[in-house]
Protein chains: 2
Amino acid sequence: MGPTIKDVAKAAGVSITTVSRVLNQYSDVNPKTRTKVLKVVEQLGYRPNSVARSLVMNRTNTVGLVVSDLSRSRNGHHFMFDVLCGINDRVQELGYDLVLFSTSTTAQKKTPYLDFVRQRRVDGVLMMGIRLDDPYTHEVVEASVPSVLIDVPLISETCSYVTTDSVVGAKLAVEHLLELGHRRIGFVNGHAQAAVSKERLQGYRIALEAAGMAFDPELVYYGNFEQEDGANGTAELLRKFPDLSAIFFASDLMALGALKYLQTHSLPVPNSLSIVGYDDIELASLMQPALTTVRQKRYEMGQSAAETLIRMLEQNEKGRGIVLPPELVVRETTGVHEETTSDI
Amino acid sequence: MGPTIKDVAKAAGVSITTVSRVLNQYSDVNPKTRTKVLKVVEQLGYRPNSVARSLVMNRTNTVGLVVSDLSRSRNGHHFMFDVLCGINDRVQELGYDLVLFSTSTTAQKKTPYLDFVRQRRVDGVLMMGIRLDDPYTHEVVEASVPSVLIDVPLISETCSYVTTDSVVGAKLAVEHLLELGHRRIGFVNGHAQAAVSKERLQGYRIALEAAGMAFDPELVYYGNFEQEDGANGTAELLRKFPDLSAIFFASDLMALGALKYLQTHSLPVPNSLSIVGYDDIELASLMQPALTTVRQKRYEMGQSAAETLIRMLEQNEKGRGIVLPPELVVRETTGVHEETTSDI
DNA sequence: CGTTGTATCGAAAACGTTTTCGATATCTAT
DNA sequence: ATAGATATCGAAAACGTTTTCGATACAACG
């Protein structure tokens with residue numbers, strides 16, 4: 001293959017120690033020999049072998065991104081890709097390489113987290129799409145290699161997380177609906193093994209109770225963030241509560257499924273039912289009518305995750321939690337609730 | 001950190017050579033010592049250091065995926081993510097790690113391709129989103145490390161490509177429009193530095209000429225695959241050709257932009273204008289009306305790319321081209337062209 | 001002139017593997 | 001019993017770096 005440091009040393013008439021010194025900007029090398037070495041490096045087109053360097057330095061300058069069910073969930077598509085972009089950009093800016101691993105609950109049972117990270121020799125790991133009951137979730141917080149979780153609020157010496165505040169996100173959504181006069185508001189949540197689901201449920205409940213309304217567990221349906229779950233959820237909620245006037249969905253995809261369902265059943269949105277989604281994926285602004293939703297800054301989440309991981313690596317920072325603020329985006333799927341004549 | 005092969009050897013009372021032998025399934029080791037070693041490996045929780053292994057073997061079991069403008073283009077989003085998933089899954093199945101690099105035309109001028117790959121020590125590289133005039137495009141075909149290009153039809157000893165046949169894709173679209181009676185058909189293409197643009201233009205032209213119609217360069221507009229290009233393109237084409245009855249777009253996103261434009265100008269689709277897109281992104285089936293388009297199997301492209309790269313690595317296969325068939329998906333944005341009264 | 005300090009450099013160990021080469025012991029065939 | 005084949009193993013080199021330790025030369029200082 002290419003020339004090694006030995007070739008450079010020989011050609012420059014110095015020792016490999018000296019070559020290493022000039023390449024790593026050490027001070028104790030004569031300016032003349034420095035330029036001499038650099039010229040030879042240029043001539044030979046020498047590039048240091050990062051594998052050899054990693055071996056002796058015991059660090060790879062590489063972070064792993066493990067994502068659960070990357071190509072499985074459609075909802076993940078919209079959410080994860082932006083986060084991935086943010087991670088990738090920031091990691092690269094900070095001089096690291098990013099290696100991608102997808103996993104699944106079953107795969108995690110086969111290969112313990114530590115095996116995984118010790119073999120791959122990544123300096124740190126980012127994790128996303130993981131469930132609360134996944135094996136890795138608990139292994140990661142106790143591991144000695146730094147990590148940051150996305151949307152899983154766990155902290156340890158070596159483990160941080162970044163998320164966007166789902167309880168205020170849900171609160172924003174529900175408060176918006178309350179202001180529009182809605183009194184019976186359904187909630188189609190994500191699966192219970194997502195931390196955000198718990199938080200969104202909490203936010204939903206807080207908003208209701210702050211308005212002096214009772215929380216009714218029957219009003220919440222658990223889906224899996226996917227389109228069909230939205231349709232099924234609205235169908236069931238509407239069956240149980242014919243007087244429902246609004247539904248809050250834990251993902252835009254579920255809201256879309258609901259919208260489709262309502263349209264095929266000739267139930268106009270927002271006139272017969274107001275709906276609000278979660279995430280603000282690209283689709284949200286494009287559907288007809290455009291979806292009212294809660295925006296998460298996904299790209300920024302990725303950037304932030306990469307940044308805190310690398311700070312843990314380089315500045316020995318301890319684990320901490322970073323929570324970004326969500327943002328309500330009002331579009332066309334929410335309208336004021338017209339009181340029914342029965343009120344008179 | 002964890003135990004090394006030396007620790008295992010000592011604990012098992014054998015040499016490191018023997019440990020290496022049992023770990024790599026060599027035959028010349030006594031069954032008794034093999035089980036003994038394996039037991040010690042289990043007890044100590046030993047995992048081989050892949051960095052050390054890479055150094056001596058001179059291969060990293062890692063492939064690089066370099067993608068241009070990963071987080072820049074919205075159109076890339078829809079296209080690239082599925083390909084990425086396919087790549088990632090297949091690479092992992094075949095026992096490799098995937099490391100992600102994003103680049104850009106300007107970044108490529110700073111760091112030559114060879115520097116990049118020699119330093120990172122990847123065994124092979126996959127490339128996507130790259131332009132015909134990008135520096136890497138030509139460096140990659142002459143490099144000694146195997147590579148496969150996605151949607152750039154270049155072949156060399158060490159370089160393959162996978163793409164889906166854009167000339168038949170365009171032909172399918174245009175033939176469909178011709179069959180519906182359209183006679184003046186516009187084409188909003190992608191930028192000229194994408195190989196697929198040339199092919200789609202060719203397919204467009206072939207289909208027209210096969211129907212006995214002249215190719216008019218004035219009927220093609222060059223955009224950048226993005227939504228606003230679709231709107232601009234239709235605006236311009238409609239200005240130049242008031243009797244236009246159909247437009248073929250080189251991306252679904254441009255078709256969407258066109259649809260929005262047409263809707264705000266009260267031009268019903270497909271009644272006043274038929275439109276067909278390209279890619280069949282998720283949005284296509286979701287828009288109102290649902291988009292007629294040409295489907296590319298993106299996930300399969302990714303799988304296929306990963307597969308051929310690894311075959312080149314392991315079976316020393318030479319570079320070759322793989323072209324997948326596209327597929328016309330007829331939905332609601334194309335309708336028969338009603339002849340105008342001027343024909344009488 | 002001797003001593004100390006500084007600038008500059010090289011030899012060699014170390015990182016954790018794989019692999020080559022050879023050594024020993026056991027087995028088979030004559 | 002002996003020669004050769006085979007099974008099993010270990011010593012050591014090699015991969016390409018970084019880093020420690022010390023060596024040398026020369027200047028400055030008393």
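Order of the sequence lines fixes the chain letters, A, B, ..., with proteins taken first and strands second; residue numbering starts at 1 for each chain. Heavy atoms only: backbone and side chains are in, while hydrogens, waters and symmetry mates are out.
Panel note: side chain B/E139, backbone B/Y113; a donor-acceptor pair is recorded below 3.5 Å. Under the 3.5 Å distance criterion, the side-chain polar atoms of A/T62 are left unmatched by any main-chain donor or acceptor of A/R121. The backbone N or O of A/I130 sits nowhere less than 3.5 Å from a side-chain atom of A/S68 that would complete a donor-acceptor pair. A/T158 places a side-chain N or O within 3.5 Å of a backbone atom of A/A143 that can act as its donor or acceptor partner. For B/N24 (side chain) and B/Y26 (main-chain N/O), no donor-acceptor pair under 3.5 Å exists by modelled atom type. Using a distance-only test at 3.5 Å, with no hydrogens or angles considered, no donor-acceptor pair links the side chain of A/S304 to the main chain of A/E300.
The nearest whole Å value for the distance from the CZ atom in B/R47 to the C1' atom in C/dG16 is 16 Å. Protein atom CZ of B/R59 is 16 Å distant from nucleotide atom P of D/dG16, rounded to whole Å. In this structure, NZ of A/K32 is placed 10 Å from P of C/dT8, rounded to the nearest angstrom. Per the geometry, CG belonging to A/N58 stands 11 Å off P belonging to C/dT17, to the nearest Å. Residue A/N24 contributes atom CG, which lies 13 Å from atom P of D/dT20 at whole-angstrom precision.
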Derivation and outcome, side chain to side chain contact (heavy atoms under 4.5 Å, CB included), residues B/T33 and B/N30: CA-CA 5 Å; B/T33 68; B/N30 190 305; 3.8 Å; yes
Derivation of the side chain to side chain contact (heavy atoms under 4.5 Å, CB included) call for A/L98 and B/V99: CA-CA 6 Å; A/L98 180 69; B/V99 13; over 6 Å; no
Nucleotides 9-15 of chain C: protein proximity per nucleotide (B base, S sugar-phosphate only, - neither; heavy atom, under 4.0 Å): BBBB--B
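At C/dT19, one or more side-chain N or O atoms of B/Y26 fall inside 4.0 Å of OP1 or OP2 (strictly under the cut-off).
Within a heavy-atom distance below 4.0 Å of DNA chain D, no residue of residues 39-46 of chain B is found.
The line from OG of A/S102 to CG of B/D89 is 5.0 Å long, rounded to the nearest 0.5 Å.
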Contacts under 3.5 angstrom, residues 6-13 of chain A side chains, donor-acceptor by atom type, not counting sequence neighbours:
from	atom 1	to	atom 2	distance (Å)
A/D7	OD2	A/T4	N	2.8

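When the local axes at the two ends of the helix from C/dC1-D/dG30 to C/dT30-D/dA1 are compared, using 5 base pairs at each end, they differ in direction by 50° after rounding to 10°.
The aromatic rings of A/H77 and B/F81 sit perpendicular to each other, their planes meeting at more than 60°, with 30° as the lower class boundary.
A 4.5 Å side-chain heavy-atom check between B/Y96 and B/I310 finds at least one atom pair inside the cut-off.
Closest-nucleotide positions on DNA chain D for B/S27 and A/R53 were compared, and the one nearer the 5' end corresponds to B/S27.
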Extract from the structure each pairing of a protein N or O with an N or O of nucleotides 25-27 of chain C at less than 3.5 Å, listing the distance.
none

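Applying the ring pair (Phe, Tyr, Trp, His ring centres under 6.0 Å) rule to A/F79 yields no partners; only residues at least two apart in sequence or on another chain are considered.
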